[in-house]
Amino acid sequence: MPGDFPDPTVTKIGDTYWASATSAEWGPIFPLLKSTNLVDWEVVSYVFPDKLPEWADSNFWAPEISHENGKTYICYTARKKGKGRRGQLCVAIASADDPAGPYTDHGPLIGQRKGSIDGFPLRDENGVLYMVWKEDGNAYKKDTPIWAQRMNESRTALIGKKVELFRNDTPWEGCLVEGSAIVRQGEYFYMFYAGNGCCGKCCTYATGVARAKKLLGPWEKCPQNPILKKNKTWKCPGHGTVTEYEGRWFLLHHAYYTDSHEFVGRQGLLSEFTWNAEGWPEFVNNSPQAEPLRDLRVLNVNDDFPGNRLAAAWQWPVNEQPGVGVSDGQLLLTARPTGIGAVVAQRTFTATYKAATTLDYGALAPNTYAGLAAIGDPHNALALVAGNGHLQLWHMKGSKHLTLTEVKLEDCKMLCLRLEAWGGSRFRFAFSTDGGTAWQPVVLDSFALNGTYLPPWDRGVRVGLLAQGPETSTVAFDNFALRNCR
């Protein structure tokens, strides 16, 4: 799953594999992907495509997809709405009669004071339904117990008392254990789990495994842990789900590609393992064996906005869903007056790429700015925008919004804007008033702008379109293209 697909989960329904992944602070929430071979994936819908669950407002993490008795369940993490403060992280469940949706949300099941994340539902050795989750103690510099508790058959409430399975108590696990994924093989339950720091430049993530004959333990950690760790190509592999394909065993998990790291984000990998003579899973060389895609052209995007709906790959800041439509070969984006404005964006796939768009500049309303941007989140972006007869280059970092340069624009109907990125962190911009035949660079004091600050700790950079101005203004874009380079 190239691009930013952290904490991937997978289950097989009939002859089709269904998967999802963390969407964090980007909507729509929790992509739903399908495949027949675990390799070629298509985003077909979302768990929450149009609005947030009523009880939650952020941190949409770690979905876990499962299927039983004709229903598909998504167990997920989100942060409860708080009055004047941040609410608790909770584990919740949604369900659907069709894996593609629509899903009905059943709300949170557990939300401890320190936070509850990474829920995994399963049945014990007697067929009794349980929820397994992590207490998020690392957020308070405390240990991170993995808990199990019975759940009712409607999956709407936990019952009885919770039982601790184990916690982070070995050196490689560092500040946490999390991301439990349990499979039964032979006489044991096996829990694949992640340990240490998950995200960003200094991540130390790796994958371990523990086993128990009964779900509530005692649990034994593998003496060879971590059984999946970094190599020269992939860094910080962890948080995945076990699946089988034609008798072979795989862990679908995430890792950073070392050449693009945090700028692209945590990408979905498939790592095969076998069972050794001692009954433990083994990965070849204790590291991911996946090869990065050789032909990056298959990841290129060329959207001329056909039909009347936005393509499934487009995203937006989760609490700032824009007014957007598609008509007559144009994307119509309603402006937003604050911050960077209204945004629709797509994942990046490589550290070096070019993106371009064509803007209906002649129809742009007064005091409305529209453009192309590299976006970490709504507060951190580099954007080339046009409006009020000028072209401006915006640098947004936290609460500071600077206009780095301004160029007077000649009259033109259609305006082409281009962004180029090298190594994920260096950016240059250009524009064309003649349909993209002749490009004029935006002159800077240096060769390129430094965008090292853009990615948040847990997400990759997106490239997108924006519209800032009165809410009565609508901006029309004719196309969007993304070209990936080595």
Short side-chain to backbone donor-acceptor contact, Glu282 and Trp280, under 3.5 Å: no
Exercise: identify the closest heavy-atom pair between His253 and Gly238: CB-O, 3.5 Å
Measuring only between side-chain heavy atoms, which start at C-beta, is Leu382 closer than 4.5 Å to His395? yes
Would the distance check show the side chain of Asp143 and the main-chain N or O of Pro145 forming a donor-acceptor pair, the cut-off being under 3.5 Å? no
Side-chain touch Phe250/Val242, heavy atoms, less than 4.5 angstrom: no
Less than 4.0 Å between a side-chain N and a carboxylate O, is that true for Arg167 and Asp169? no
Given the rule in the ring-ring contact (aromatic ring centres under 6.0 Å, His included) test, do Trp234 and Tyr257 qualify, once you have shown the distances and angles that lead to the verdict? CA-CA 5 Å; Trp234 301 102; Tyr257 180 41; 5.3 Å; yes
Can you tell me how far the CD atom of Glu64 sits from the CD1 atom of Ile182, to the nearest 0.5 Å? 9.5 Å
Determine yes or no for a side-chain-to-main-chain donor-acceptor pair under 3.5 angstrom, with Asn285 supplying the side chain and Ser287 the backbone. no
Just checking Lys230: does its NZ atom have more than 12 heavy atoms from other residues, nucleotides or ligands closer to it than 6.0 angstrom? no
Within-4.5 Å side-chain heavy-atom neighbours: Asp124 and Leu216: no
Would you check if the distance from the ring center of Trp275 to the ring center of Tyr190 is below 6.0 Å? yes
Any chance CZ of Arg184 has more than 12 other-residue heavy atoms, nucleotides or ligands included, within less than 6.0 Å? yes
Would you compute the distance between atom CG of Leu331 and atom CZ of Phe480 and round it to the nearest 0.5 angstrom? 10.5 Å
Residue set satisfying side chain to side chain donor-acceptor pair (under 3.5 Å) with Trp147, at least two apart, ordered chain then number -> Glu135
Quick one about Asn479 and Thr358 (side-chain donor to acceptor, distance below 3.5 Å, no hydrogens or angles considered), yes or no? yes
Would you call Pro28 and Trp316 a side-chain contact if the rule is heavy atoms closer than 4.5 Å? yes
Hey, can you tell me if His261 and Tyr256 have their rings parallel, tilted or perpendicular (30° and 60° cut-offs)? parallel
Does a salt bridge link Glu125 with Lys214, judged by any charged N lying under 4.0 Å from a carboxylate O? no
For the pair Arg211 and Glu220, find out whether any cationic side-chain nitrogen is under 4.0 Å from an anionic carboxylate oxygen. yes
Any salt bridge linking Arg155 with Glu68? Criterion: basic side-chain nitrogen under 4.0 Å from a carboxylate oxygen. yes
Under a 4.0 Å threshold between the charged nitrogen and the carboxylate oxygen, would Arg428 count as salt-bridged to Glu420? no
Please lay out, stage by stage, how Leu89 and Thr77 fare under the test side-chain contact (heavy atoms from CB on, under 4.5 Å). CA-CA 7 Å; Leu89 284 165; Thr77 298; 4.1 Å; yes
Stepwise, does the side-chain contact (heavy atoms from CB on, under 4.5 Å) test hold for Tyr193 with Lys221? CA-CA 10 Å; Tyr193 66 95; Lys221 294 181 180 179; 3.6 Å; yes
To the nearest 0.5 Å, what is the distance between CD (Gln112) and SG (Cys90)? 9.5 Å
Does the distance from a Lys or Arg side-chain N to an Asp or Glu carboxylate O, for Asp4 and Arg462, drop under 4.0 Å? yes
For the pair Gln346 and Asp303, evaluate side-chain hydrogen bond (donor to acceptor under 3.5 Å, both in side chains) and give the outcome as yes or no after the intermediate values. CA-CA 11 Å; Gln346 296 215 14; Asp303 196 342; 4.6 Å; no
Spacing of Thr352 atom OG1 and Arg483 atom CZ [to the nearest 0.5 Å]: 16.0 Å
Step by step, would you call Thr348 with Tyr353 a side-chain contact (heavy atoms from CB on, under 4.5 Å)? CA-CA 8 Å; Thr348 55; Tyr353 54 88; 3.7 Å; yes
Please work out whether the ring planes of His254 and Tyr205 are parallel, tilted or perpendicular, with thresholds of 30° and 60°. parallel
Determine whether a donor-acceptor pair (N or O, by modelled atom type, separation under 3.5 Å) exists between the side chain of Asp377 and the backbone of His379. yes
Pairing donors with acceptors under 3.5 angstrom, does anything connect the side chains of Thr72 and His67? yes
So Phe48 and Tyr76, would you call those rings parallel, tilted or perpendicular, with 30° and 60° as cut-offs? perpendicular
What closest approach, in Å, do Leu269 and Pro288 show between heavy atoms, and which atom pair accounts for it? CD1-CB, 4.0 Å
Donor-acceptor check, side chain of Asn196 to backbone of Trp172, threshold 3.5 angstrom: yes or no? yes
NZ/NE/NH1/NH2 to OD/OE distance under 4.0 Å, Asp136 and Lys114: no
Rounded distance (nearest 0.5 Å) linking atom OG of Ser20 with atom CE of Met1: 8.5 Å
Could you pull out the closest heavy-atom pair between Gly339 and Met396, with the gap in Å? C-CE, 3.9 Å
Is Cys236 disulfide-linked to Cys199, taking SG-SG under 2.5 Å as the test? no
With under 30° as parallel and over 60° as perpendicular, where do the rings of Trp394 and His401 fit, or are they tilted in between? perpendicular
Under the side chain to side chain donor-acceptor pair (under 3.5 Å) test, which residues partner Thr36, sequence neighbours left out? none
Regarding Asp118 and Trp61, do their side chains bring together a donor and an acceptor under 3.5 Å, going by distance alone? no
Over 12 non-hydrogen atoms of neighbours within 6.0 angstrom of CG in Asp445: no
Ala290 to Leu270 - nearest heavy-atom pair and separation: CB-O, 4.4 Å
Looking just at side-chain N and O atoms, do Asn319 and Asp57 make a donor-acceptor pair shorter than 3.5 Å? no
Check: Ser45 side chain, Leu32 main-chain N or O, donor-acceptor pair, under 3.5 Å: no
To the nearest 0.5 angstrom, please state how far the CG atom of Asp259 sits from the NZ atom of Lys232. 13.0 Å
Please test Phe60 against Val47 for side-chain contact (heavy atoms from CB on, under 4.5 Å), starting from the C-alpha separation and ending with a verdict. CA-CA 11 Å; Phe60 293 95; Val47 176; over 6 Å; no
On a heavy-atom basis, the closest approach of Ala421 and Phe427 is CB-CE2, 3.6 Å
Under 3.5 Å donor-acceptor, Thr9 side chain and Ile65 backbone: yes
Would a distance-only check, ignoring hydrogens and angles, find a side-chain to backbone donor-acceptor pair under 3.5 Å from Asn138 to Lys141? no
Under a 3.5 Å distance rule, please check whether Asn168 uses its side chain to pair with a backbone N or O of Thr144 as donor and acceptor. yes
Do the ring centers of Tyr46 and Tyr103 come within less than 6.0 Å of each other? no
Are the side chain of Asn286 and the backbone N or O of Leu228 linked by a donor-acceptor pair below 3.5 Å? no
Of the non-hydrogen atoms in Val344 and Pro322, which two are nearest, and what is the gap between them? CG1-CG, 3.8 Å
